[in-house]
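Remarks on the structure that follows.
Sequence lines set the chain letters: A, B, ... in the order given, protein chains first and strands last, and positions in each chain run from 1.
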Amino acid sequence: MYNVVDDVRCEIRSAIIVGLKRGGILPIPGDLPGIDIPVEYTRERAHGDFATPIALMLAGKVKRKPRDIAEAIADNMEIAKGKTRYIQRVEVAGPGFINFFLDRKWLEDVLRVVISAGPQYGRSGVGCGKRIQLEFVSANPTGPMNIVNARAAAVGASLANILKASGHDVSTEYYVNDAGNQINVLGTSVELRYLELKGEDVTFPEWGYQGSYIVDIARLAMDKYDKKLKAMAAEERTRFFCDFALTQMLADQKASLSRFGVEFDVWFSERKLVEGGAVSRVIELLKQRGMVYDEDGASWLRTTEFGDEKDRVLVKSDGDYTYLAGDIAYHKNKLERGFELLINIWGPDHHGHVVPTRAGLQALGYPGGSLEVLLLQFLSLMSEGERVKMSKRAGEFITMDDLIDEVGSDAARYFLLMRNIESHLEFDLSLAKEHSQANPVYYIQYAHARISSIFRQAEERNMNLDDLDELDLSNLTEDAELDIMRKLASYPDEVVISAFERAPNRLAGYALDLAGLFHSLYNSHRVIGEDSDLTMARLALSRAVQTVLANVLGLLGISAPHEM
RNA sequence: GCGCCCGUAGCUCAGUGGAUUAGAGCGGUUGACUACGAAUCAACAGGCCGCAGGUUCAAGUCCUGCCGGGCGCGCCA
């Protein structure tokens, strides 16, 4: 829906199929074994609006020269006037491309569709409502959200938006690692800082969490619960600090994410999973399925059955479960909730876990394809041309809150999304802070604000776009205008591709391109001018650009301001 | 050693197997506001797409091997 390019492609494909049949290329009508007909945007206007290399592709199969095939198809398409909505003319070019020249009304239709669809433009149902669970960030609750988490948050949230926009049924989830020894370490760290604050002579251990946030939590506990704490026995007090520190850390993490505009549908507690017996049950199930054996006092999962290079331990010789056992139980739980596809965003340091985790699911009888893991590469921070050093051990990690304070949520989001997921990201703090031409996020937002400003002017002159059908768009003839219309036309495709490739960065680039095209037009032609028909047409074009900018920024989680 | 990711302009990076001419931003040089927002625009300079083979009508894009960088390879999470 709302995709003019789809209509165009459909018409072109039908024409090609007719050409193939009547041109005698394929002996059996409609028989296109293993070939779907590609219809591509042309890079140069001289090559028409769309082109197909189908003749080149068929040449080998039907043993004829590509140009002959192309001619045969083109001559038999029956695109006589009135029979086709958009196709006006075809030509065979180069080694055997068939170029399609369309009636310009296809671009006018694009504008009308964009304006009437509004926020819906770019949304589609290609995902067929597939139920996808997207898990991301899932940081340990032992420290504040940092800049690596920020990248995961930006990417995950945007990907969720994009998948939804393309018709998937998406649920976002944060796995809270609130089980295991790290919580005890966290609690003890806070407790020791508390005792320090009380003036006791303690030596803070090397294995404790060193960051100043630990002291902050200790101080908070002291301020609120000092009396209670005094009355507690040592063991009770330690338990208190474990609970308190966890609760506090989680609240801080949620608050940071919320400031960043990232919300989750589900916060899933590892502890509840473990305490509910899910881990022991999944191990039992794996045993029943004959996927587990004992050796050296430990229980091993036969992950090598599913492509792993070695089997993995599920239960250690001391009786504890490994993280893998927990992860398998967790992912089984996800699938039991009815999701067809699980997508996890993990750091590159976890890539060794992908195969074992998937193997665990396969050992349970689930298809390997039910788990997809996106490995998000790390990032480095640059400031004033210098690399900002970050050390996790010393607790000197730039936090998500620092980042938002420094550069703002919008700029941070854009910078974190502008690169391919699998690429290392160099984040230039100085540039992100800059409110200037150099900064792509302001460049895009400025285009949107600029259009809002134009409409403020237009309203003062009582001009509006209410009667869309009455508009004469035929006077939009400048190259700059047509380029913009083509760009607008491709937006729905761009969303689908971004979803399919899990590539929010594509949309970041698209937004930049579109903004650039508009800025260029703006500087060479006036929108509001003497000719009222032309003014109205350009207002329509501006409205369409503004709509798509707002839509794409929305998918990226960036605001579309009306003034800056 | 094995596995995954990355090598494209001085820098940071885009580039669904398609067309004599591989794009953008930054940085550099030069221009443009008495008109809708100059947070803008226009122009110029800058490239054996890491190297070598292969598949294909067609390769920056796919395959193989090398070279260079990052990250993994625990009965840690």
Closest nucleotide among B/U12, B/A24, B/C6 to the A/L512 side chain: B/A24
Listed nucleotide nearest any side-chain atom of A/Y446, set B/G15, B/A38, B/C4: B/A38
Nearest-0.5 Å distance, CD1 of residue A/I484 to OG of residue A/S542: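 Output value for this atom pair is 8.0 Å.
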Interatomic spacing from CG in A/L246 to CG in A/N184 - rounded to 0.5 Å: 10.5 Å
Torsion-based syn/anti label for B/C51, 90° from 0 as limit: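 Anti for B/C51; the angle lies over 90° from 0.
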In whole angstrom, give the distance that lies between atom [atom1] of [X] and atom [atom2] of [N].
| X | N | atom1 | atom2 | result |
| --- | --- | --- | --- | --- |
| A/Y414 | B/U12 | OH | C1' | 13 Å |
| A/L425 | B/C6 | CG | C1' | 14 Å |
| A/R526 | B/A35 | CZ | P | 9 Å |
| A/L374 | B/C6 | CG | C1' | 17 Å |
| A/R419 | B/C13 | CZ | C1' | 4 Å |
| A/N523 | B/A43 | CG | C1' | 14 Å |
| A/I497 | B/G15 | CD1 | P | 11 Å |
| A/D531 | B/C36 | CG | P | 19 Å |

Touch check for [X], heavy atoms < 4.0 angstrom, all strands: base, sugar-phosphate only, or nothing?
| X | answer |
| --- | --- |
| A/H525 | base |
| A/D513 | nothing |
| A/S453 | base |
| A/E563 | base |
| A/Y522 | base |

Pairwise side-chain hydrogen bond (donor to acceptor under 3.5 Å, both in side chains) hits with a residue in residues 407-421 of chain A, at least two apart: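 Listed once each, the pairs are A/D410-A/Q445, A/D410-A/S559.
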[M] and [N], which share atom name [atom1], separated by this distance in whole Å:
| N | M | atom1 | value |
| --- | --- | --- | --- |
| B/A14 | B/A22 | C1' | 11 Å |
| B/C4 | B/C66 | P | 13 Å |
| B/G28 | B/G7 | P | 27 Å |
| B/C73 | B/G65 | P | 24 Å |
| B/C49 | B/G17 | C1' | 16 Å |
| B/A9 | B/A24 | C1' | 11 Å |
| B/G3 | B/C11 | C1' | 31 Å |
| B/C51 | B/G68 | P | 15 Å |

Could you go over nucleotides 17-20 of chain B and give all protein N or O partners under 3.5 Å, atom names and distances?
residue: B/A19; atom: OP2; partner: A/R43; partner atom: NH1; Å: 3.1
residue: B/A19; atom: N6; partner: A/N99; partner atom: OD1; Å: 2.6
residue: B/A19; atom: N1; partner: A/N99; partner atom: OD1; Å: 3.3
residue: B/A19; atom: N1; partner: A/N99; partner atom: ND2; Å: 3.4

By salt bridge (Lys or Arg N to Asp or Glu O under 4.0 Å) - contacts of A/E501 (at least two apart):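 Per chain and number, A/E501 pairs via salt bridge (Lys or Arg N to Asp or Glu O under 4.0 Å) with A/R506.
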Salt bridge (Lys or Arg N to Asp or Glu O under 4.0 Å) involving A/D49 - partner list, sequence neighbours excluded: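 Applying salt bridge (Lys or Arg N to Asp or Glu O under 4.0 Å) to A/D49 gives A/R486.
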Donor-acceptor side-chain pairing of A/N344 and A/H350 below 3.5 angstrom: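 Judged by distance alone, the side chains do not pair up.
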Short side-chain donor-acceptor distance under 3.5 Å, A/Q546 and A/S452: yes
Carboxylate-amine/guanidinium contact A/R67 A/E71, below 4.0 Å: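 A salt bridge is present here (some side-chain N lies under 4.0 Å from a carboxylate O).
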Residue whose nearest RNA chain B nucleotide is more 5′ - A/S524 or A/Q457: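 So the residue in question is A/Q457.
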Residue whose nearest RNA chain B nucleotide is more 5′ - A/E501 or A/L521: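 Nearest-nucleotide comparison on RNA chain B picks A/E501.
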Residues 521-530 of chain A side chain polar contacts: donor-acceptor under 3.5 Å, at least two apart:
residue: A/N523; atom: ND2; partner: A/H519; partner atom: O; Å: 2.9
residue: A/S524; atom: OG; partner: A/S520; partner atom: O; Å: 3.1
residue: A/S524; atom: OG; partner: A/L521; partner atom: O; Å: 3.2
residue: A/H525; atom: NE2; partner: A/E478; partner atom: OE1; Å: 3.3
residue: A/R526; atom: NE; partner: A/I528; partner atom: O; Å: 3.0
residue: A/R526; atom: NH2; partner: A/I528; partner atom: O; Å: 3.0

Residue-phosphate contact under 4.0 Å: A/R450 side-chain N/O, B/A38 OP1/OP2: yes
N/O (side chain, A/S520) to phosphate O (OP1/OP2, B/A42) under 4.0 Å: yes
For nucleotides 59-64 of chain B, tabulate all protein N/O to nucleotide N/O atom pairs closer than 3.5 Å, reporting atom names and distance.
none

Holding to side-chain contact (heavy atoms from CB on, under 4.5 Å), I want the full list of residues that pass it with [X], two or more places apart in sequence or in another chain.
| X | value |
| --- | --- |
| A/P53 | A/P38, A/E40, A/L56, A/M57, A/F97 |
| A/Y293 | A/E295, A/W300, A/R302, A/D311 |
| A/F268 | A/E173, A/Y175, A/V266, A/L273, A/Y330, A/N333, A/R337 |
| A/D296 | none |

Parallel, tilted or perpendicular: rings of A/W267 and A/Y174 (30°, 60°):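 Rings of A/Y174 and A/W267: parallel, under 30°.
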Pairing string, 5' to 3', for RNA chain B - Watson-Crick or wobble contacts under 3.5 Å, brackets [ ] where pairs cross, | to another strand: (((((((..((((....[....)))).(((((.......))))).....(((((..]....))))))))))))....
Over 12 non-hydrogen atoms of neighbours within 6.0 angstrom of NZ in A/K316: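 Atom NZ in A/K316 is packed in, count exceeds 12.
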Footprint string (nucleotides 67-77 of chain B, 5' to 3'): B base within contact, S backbone only, - free, heavy atoms under 4.0 Å: ---SBSSSBSB
Over-ring placement of A/R9 relative to A/F50, 6.0 Å and 45° cut-offs: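 Not satisfied by the 6.0 Å and 45° rule.
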